[in-house]
Number of protein chains: 2
Amino acid sequence: MPTVSSEELAAAAGVNSAKLRKDFSYLGSYGTRGVGYDVEYLVYQISRELGLTQDWPVVIVGIGNLGAALANYGGFASRGFRVAALIDADPAMAGKPVAGIPVQHTDDLEKIIDENGVSIGVIATPAGAAQPVCDRLVAAGVTSILNFAPTVLSVPDGVDVRKVDLSIELQILAFHEQRKAGEEAEAQAGAAAPAERGDQGEGPDGDVPAVMPA
Amino acid sequence: MPTVSSEELAAAAGVNSAKLRKDFSYLGSYGTRGVGYDVEYLVYQISRELGLTQDWPVVIVGIGNLGAALANYGGFASRGFRVAALIDADPAMAGKPVAGIPVQHTDDLEKIIDENGVSIGVIATPAGAAQPVCDRLVAAGVTSILNFAPTVLSVPDGVDVRKVDLSIELQILAFHEQRKAGEEAEAQAGAAAPAERGDQGEGPDGDVPAVMPA
DNA sequence: CGGTGTGAAGAGCTTCACAGCA
DNA sequence: TGCTGTGAAGCTCTTCACACCG
């Protein structure tokens, strides 16, 4: 498929084609009127804009189950991320390979950051260790942190933190589940069929419907 | 702290106090003018509305690193989730306890769902196994699925799917990181100081700023 | 007086609709 | 003719500002 129209892409993504065209237009005029978008060129332009064509060395601190899962996650490499190092506080872990990368000890954190030119750190430690690890990462020059620990991190200005709470997604599902149950009960009692959202509910976009008074 | 004002909560959450009050008002009028909100009562009301006071049995399918990490994740219990069962296709895993729960074999999936009244399933399998597992979960009565596998699942109407892509958060960080670098270069060349977002970047809300033409 | 609850104004985002180009 | 690129309309979400109440 050498070219694709905004209509096709919009249908695939579940959005309005005008919105898709407007969004693309912010990147430049990469489409051809009467034809559509050249797929290869479009992919390249979007990749470039998102930073996928760059090489981003990252370190993962805290090699428990989650850290190991992240180290093994295949999706990183294809998006320009390179796991430069795995770091853990447990001396017993040191040297052990995880996902083919030997785990290094926390003592060497600063050296590792420096030598690899790392600007993005992933924290997958227990809650208690997160803030100290964060402080050391920042002091060593990391300016973006992805935090999986259930703690709110404080960082100086200029450092970005994103917190991932694995239970939030479950909670959103439970919320919808609860509403489904409520609507069923309502439908039985009442008459009109309740509207149901049919979108593909793609991950992190916080699309919880407004809560109206009962 | 028996009561709290919208101003305090808003500051803690990094949002506007008017928004917070308006949001709360959709749940009912739980505040007291001149005083604020009764903390305990507020917590209860919000918990109830979000479904945290209910018991949600969930099954986790695919007990690799990620599945194990999820099974061990402490945040679930406190939000009303109970890991009813762990399921894996590997016979060698069967019976082995993970997070204190014995892993069961995929063969018994339907029975497990049924006996535990599970309506929420978590898929942490490799990509290839996700759709078949999903189909079986749905056939067995699951109506909400949290998908960690890098695949888009197709499900019948009435079933909610949420897809978590662990690399998306990293990508958002990398995007900001790239912009920081760009802005620095700009600031050196030009004069005006570029605006910088200072919020706590809380997890899944897809707040990527609009991309403007270079 | 202090702080909620909320109508109204404002800002930002989405969709429409069509001019314009291959 | 077909589909992009985009001004303008429409809509939703956010913030303001203040009446009202404990």
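A note on names: the letters A, B, ... follow the listed sequences, proteins ahead of strands, and every chain is numbered from 1.
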Just to be sure I understand the geometry, which residues of residues 33-48 of chain A put a non-hydrogen atom under 4.0 Å away from DNA chain D? A:R33, A:G34, A:V35, A:G36, A:Y37
Considering only NZ, NE, NH1 and NH2 on the basic side and carboxylate oxygens on the acidic side, decide whether A:R179 and B:D160 come within less than 4.0 Å.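 Salt bridge flag = no for B:D160 with A:R179.
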Residue B:S25, side-chain atoms from C-beta onward, closest of D:dT6, C:dG5, D:dC3: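 Output: C:dG5.
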Hey, what do you get for CD1 (B:I60) to CZ (B:F76), rounding to the nearest 0.5 Å?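 Going from CD1 on B:I60 over to CZ on B:F76, the span is 6.0 Å.
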Work out which heavy atom in [X] is nearest to a heavy atom in [Y]; give both atom names and the distance.
| X | Y | answer |
| --- | --- | --- |
| B:G51 | A:Q178 | CA-OE1, 3.3 Å |
| A:D135 | A:S154 | OD1-O, 4.2 Å |
| B:V118 | B:A84 | CG2-CB, 4.2 Å |
| A:V142 | A:S119 | CG1-O, 3.5 Å |

Starting at [atom1] of [X] and ending at [atom2] of [N], how long is that distance when rounded to a whole Å?
| X | N | atom1 | atom2 | answer |
| --- | --- | --- | --- | --- |
| B:D23 | D:dT14 | CG | P | 7 Å |
| A:E7 | C:dT15 | CD | C1' | 13 Å |
| A:L9 | D:dC3 | CG | C1' | 13 Å |
| B:L20 | C:dT4 | CG | C1' | 11 Å |
| B:R21 | C:dG2 | CZ | P | 15 Å |
| B:Y30 | C:dG3 | OH | C1' | 19 Å |
| B:N16 | C:dT6 | CG | C1' | 14 Å |
| B:E8 | C:dT4 | CD | C1' | 14 Å |

Verify the contact: side-chain N or O of [X] to OP1 or OP2 of [N], cut-off strictly under 4.0 Å; return yes or no.
| X | N | value |
| --- | --- | --- |
| B:S6 | C:dT4 | yes |
| B:K19 | D:dT14 | yes |
| A:S5 | D:dC3 | no |

Within the sub-3.5 Å range, which N or O atoms of nucleotides 8-11 of chain C have a protein N or O partner, and how far apart are they?
unit_1, atom_1, unit_2, atom_2, d
C:dA8, N6, B:K22, NZ, 3.3

Any donor-acceptor N or O pair under 3.5 Å, side chains B:R48, B:T53: no
Whether over 12 other heavy atoms sit under 6.0 Å from B:Y30 OH: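 Count over threshold, so yes.
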Before you tell me yes or no, could you show the steps for B:T151 and B:Q131 under side chain to side chain donor-acceptor pair (under 3.5 Å), namely the whole-Å CA-CA distance, both residues' side-chain angles and the distance that decides it to 0.1 Å? CA-CA 8 Å; B:T151 329; B:Q131 185 65 56; over 6 Å; no
